[in-house]
Amino acid sequence: MLRFEHVCKRYPDAGDALIDVSFRLARGEMAFLTGRSGAGKSTLLKLIAMMEQCTRGNVMLDGKDITRIGEGRIPYLRRNLGLIFQDYKLLNDRTVFDNVALPLIVSGYSHQDIARRVRAALDKVSLLGKEKKHPLSLSGGEQQRVGIARAIVNKPKMILADEPTGNLDPDLSAEVMHMFEQFMQVGVTVLIATHDIELINRLGHRVLTLEHGRLLAG
Ligand code: ADP
Ligand code: ADP
């Protein structure tokens, strides 16, 4: 599903953020991406999300080379991805329904399809009945579940999560991870950047470790 081949990333006027990174993730595989602050985790996720381009090497996503694609193709290819953030990035002046519907509106679905898919996504994260609420009236765990519903509403092939449990207590973190495992079981590939070593050890999935931009063996 995902392949990095000798990927290097250098930001202008900065050192190398990623150095000769190669790995593969299979369809339906779930992996953690870890390493200290500044190790290159966000940069690696941004290359997959097509928010940055690598300086050398190749990135393949679902059989397509996304290394040097044109701007025009990016929105189309991004539909295969669900992005989840530590700070949720919800629109606080919109309802839960509107937040989750956003990717579908961008993709041009009909009102009927949008209503059906938003309800299905909210059902998967156990938030049916909260459609009309505003994000700030929800708990942190519920807000992150809205973020997850928004990420899966387009039925993406891959989910990228950047410190998704960074603002959650251990119980809520476990709940969020359980949801990721359920997506994995239906064939979605999941890559989670996190500092949370305890969580990683408890769940026992594959771990990719970055150190100063290099991927450690193992
Ligand atoms: P992490 O997510 O593991 O904390 P990052 O990918 O954010 O690591 O950063 C890796 C390195 O690249 C750091 O040295 C950081 O300062 C640098 N970096 C990240 N983004 C930029 C940028 N837009 N411009 C210049 N340097 C950057
Ligand atoms: P994280 O550790 O979660 O990646 P950071 O505070 O390192 O968060 O980075 C926050 C944002 O700033 C990211 O988008 C990152 O790419 C960018 N960034 C990080 N380092 C630099 C830098 N040296 N120059 C410009 N932008 C940077």
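Start at 1 and go down the list; that is how both ligands and their atoms are numbered.
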Revision key, fill the gap. For Ser37, the ligand 1 atoms with a heavy-atom partner under 4.0 Å come out as 4 (O)

Practice item. Any side-chain hydrogen bond (donor to acceptor under 3.5 Å, both in side chains) involving residues 17-30? Give me the pairs, sequence neighbours left out, ordered by first then second residue. Key: His6-Asp20, Arg27-Asp62, Glu29-Arg206

Exercise for review: Check whether more than 12 heavy atoms from other residues, nucleotides or ligands sit under 6.0 Å from atom CZ of Arg36, and answer yes or no.
Suggested key: no

Exercise for review: Examine the side chains of Thr55 and Tyr11 and answer whether a donor and an acceptor come within less than 3.5 Å of each other.
Suggested key: no

Exercise for review: Using a strict cut-off of 4.0 Å, indicate which atoms of ligand 1 neighbour a heavy atom of Lys41.
Suggested key: 1 (P), 2 (O), 3 (O), 4 (O), 6 (O), 8 (O)

Practice item. Would you check whether Gly38 has a nitrogen or oxygen atom less than 3.5 angstrom from a nitrogen or oxygen atom of ligand 1? Key: yes

Donor-acceptor pairs under 3.5 Å, side chain of residues 132-141 to any protein atom, not counting sequence neighbours: which ones?
| from | atom 1 | to | atom 2 | distance (Å) |
| --- | --- | --- | --- | --- |
| Ser137 | OG | His134 | O | 2.8 |
| Ser139 | OG | Glu142 | N | 3.2 |
| Ser139 | OG | Glu142 | OE1 | 3.4 |

Practice item. Answer yes or no: does an N/O atom from Ala39 fall short of 3.5 Å to an N/O atom of ligand 1? Key: yes

Point to revise | Polar contact flag, side-chain donor to acceptor under 3.5 angstrom, Asp65-Asn58 | key: yes

Practice item. Compare Ser42, Gly40, Ala14 and give the one whose heavy atom is closest to atom 7 (O) of ligand 1. Key: Ser42

Check your understanding: Quick one: does ligand 1 sit under 4.0 Å from the side chain of Arg36, the backbone, both or neither, non-hydrogen atoms only?
Key -> backbone

